[in-house]
There are 2 protein chains.
Amino acid sequence: MGQENIIKDMEKLEQARNRFITEIAKNIYLYNITPSVGRLYGTVFFSEEPMTLDEMSKAMGMSKTSMSTGIRSLLEADMVERVWERGIRKDLYKVEDDWYKSFSNVFINRWRNATELNKQAIEETKGLLNRLMDETEYEAVRVKAEKDLKKLTEVEEYYGWLTEVISLFETGAIFDIVPKSSKERNKNKSYE
Amino acid sequence: MGQENIIKDMEKLEQARNRFITEIAKNIYLYNITPSVGRLYGTVFFSEEPMTLDEMSKAMGMSKTSMSTGIRSLLEADMVERVWERGIRKDLYKVEDDWYKSFSNVFINRWRNATELNKQAIEETKGLLNRLMDETEYEAVRVKAEKDLKKLTEVEEYYGWLTEVISLFETGAIFDIVPKSSKERNKNKSYE
DNA sequence: AAGTTTGTTCAGAAAAAACTGTACGTAAAT
DNA sequence: ATTTACGTACAGTTTTTTCTGAACAAACTT
């Protein structure tokens, strides 16, 4: 067999990798990352060595500019990290290989942030409504405001709960409840 | 004071509501819902009565077409439900007022789906790689494939864990761990 | 049966997001 | 000190998404 066969096999390898990369790209929207950047993540994921922006650009057939902004998104999401190698001037990146950590981080940061902002908005809205209740002389307004306050209080309870849930992930307590190791998990199955 | 003052107070009520609606719109992207549809949700949330598409259209200053498509998104996400009132021909919608339920649903469905697809992709990719390992005569290819298989196996573990976590929400077991009531939660705080 | 009312489909317009190439600033190499 | 290599800001282009109004279909009213 000739030399061209190793190329054929390399292509097959590429195809296999591509199957997974495509799926990542399709579902990464849950982390608020675009499909393109998802593919970038997949590319770096399979790379045996940390990659430079130029290598990514070549591998993805996209501009270096896009690699630069894409990798920054991944960096901010803690899904990728920069590494140094002596003698190499270019920036090198590799995926954070602890998926428990990298994906938990994205999840925690995004949700923690949104939850806090929403809680704050509820507080402020309640403040406005309470002030209105005090000031208004119209029963109709007071009734409406009261109803809104009730709704907001219910929602507030929900956000309180959500905050606790997020803490579970932040503190790592979730790993006591659902262990990382599948053997550990199966052991727990018995007394469910 | 004249009649115009109740209008002023109603405007204040509107402003208060708007504070919360704006925040929802800003953060609802986490549920893969667009800001506009988030505002729609907020509008229906504060409405004392179930709303028709025409009312929404008027309240939002947007086309009825947009209300139609927007409400469908919310409906599919179980964040809003259709209600019937006798004598009224138009479709009426109200928000699902159990936020634990409505928001858990979106979360569960989206993540369950993505996780399953990713797990499947891993299986298939592994299949392709294993086949390649069998067929190839090039050591270099085999080494690469082996490395990829190892990475995928690690990721697979993560997805296994994630599946279990999602189940926690699906089965409601999460509510034993983090109770809905804030009093219950504080009680647990003591032995943390 | 004819005429309304209501929600949705669809094509096009408007807005937003993603992507690119050029240009520039910084830091290393000569 | 000059040149070269590298990453990123920015402006413009392309692509995608969102939004709208007109036309349509189904269901209700008379």
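Note: hydrogens, waters and symmetry copies are ignored here, and every other heavy atom, side chains too, is used. Chain A is the first sequence line, chain B the second, and so forth, proteins listed ahead of strands; every chain is numbered from 1.
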[X] side chain to [Y] main-chain N or O, any donor-acceptor pair under 3.5 Å?
X	Y	result
Ser102(B)	Asp78(B)	no
Ser63(A)	Ser66(A)	yes
Thr136(B)	Leu132(B)	no
Lys119(B)	Glu156(B)	no
Asn130(B)	Lys126(B)	yes

Report task. Would you jot down, in residue-number order, the residues of residues 60-82 of chain A having a non-hydrogen atom under 4.0 Å from DNA chain C? Result -> Met62(A), Ser63(A), Thr65(A), Ser66(A)

Report task. Check DNA chain C against residues 39-49 of chain A and give the residues with a non-hydrogen atom under 4.0 Å, in numerical order. Result -> none

Query raised in the report: Hey, does Thr52(A) reach any base, or is it just sugar-phosphate, or nothing, if we go heavy atoms under 4.0 Å?
Result: nothing

**Report entry** Nucleotide range of DNA chain D lying under 4.0 Å from chain B heavy atoms
**Finding:** dT18(D) to dT29(D)

Between [Y] and [X], is there a salt bridge with N-O shorter than 4.0 Å?
X	Y	answer
Glu11(A)	Arg17(A)	no
Glu146(A)	Lys150(A)	no
Glu157(B)	Lys180(A)	no
Lys151(A)	Glu154(A)	no

Query raised in the report: Can the ring centres of Trp111(B) and Tyr31(A) be said to be less than 6.0 Å apart?
Result: yes

Requested in this report: Kindly state whether the ring of Tyr158(B) and the ring of Phe103(A) have centres lying under 6.0 angstrom apart.
Outcome: yes

Requested in this report: Using the salt bridge (Lys or Arg N to Asp or Glu O under 4.0 Å) rule, take Glu135(A) and Lys12(B) through it: C-alpha gap first, then chi angles, then the decisive distance, then the call.
Outcome: CA-CA 11 Å; Glu135(A) 287 170 9; Lys12(B) 280 188 189 169; 3.4 Å; yes

Report summary line: When Ser36(A) and Asp54(B) are each assigned the nearest nucleotide of DNA chain C, the 5'-most assignment goes to Asp54(B)

Query raised in the report: Any side-chain donor paired with an acceptor under 3.5 Å for Asp9(B) and Tyr138(A)?
Result: no

Query raised in the report: Just the endpoints, please: which first and last nucleotides of DNA chain C, 5' to 3', lie under 4.0 Å from a heavy atom of chain A?
Result: dA18(C) to dA29(C)

Report task. Apply salt bridge (Lys or Arg N to Asp or Glu O under 4.0 Å) to the pair Glu55(A) and Lys90(A), showing each step before the final yes or no. Result -> CA-CA 10 Å; Glu55(A) 285 165 352; Lys90(A) 303 189 184 191; over 6 Å; no

Query raised in the report: Tyr93(B): what forms a ring-ring contact (aromatic ring centres under 6.0 Å, His included) with it, not counting sequence neighbours?
Result: none

Query raised in the report: Between the two end axes of the helix from dA1(C)-dT30(D) to dT30(C)-dA1(D), each built from 5 base pairs, what angle do you get to the nearest 10°?
Result: 10°

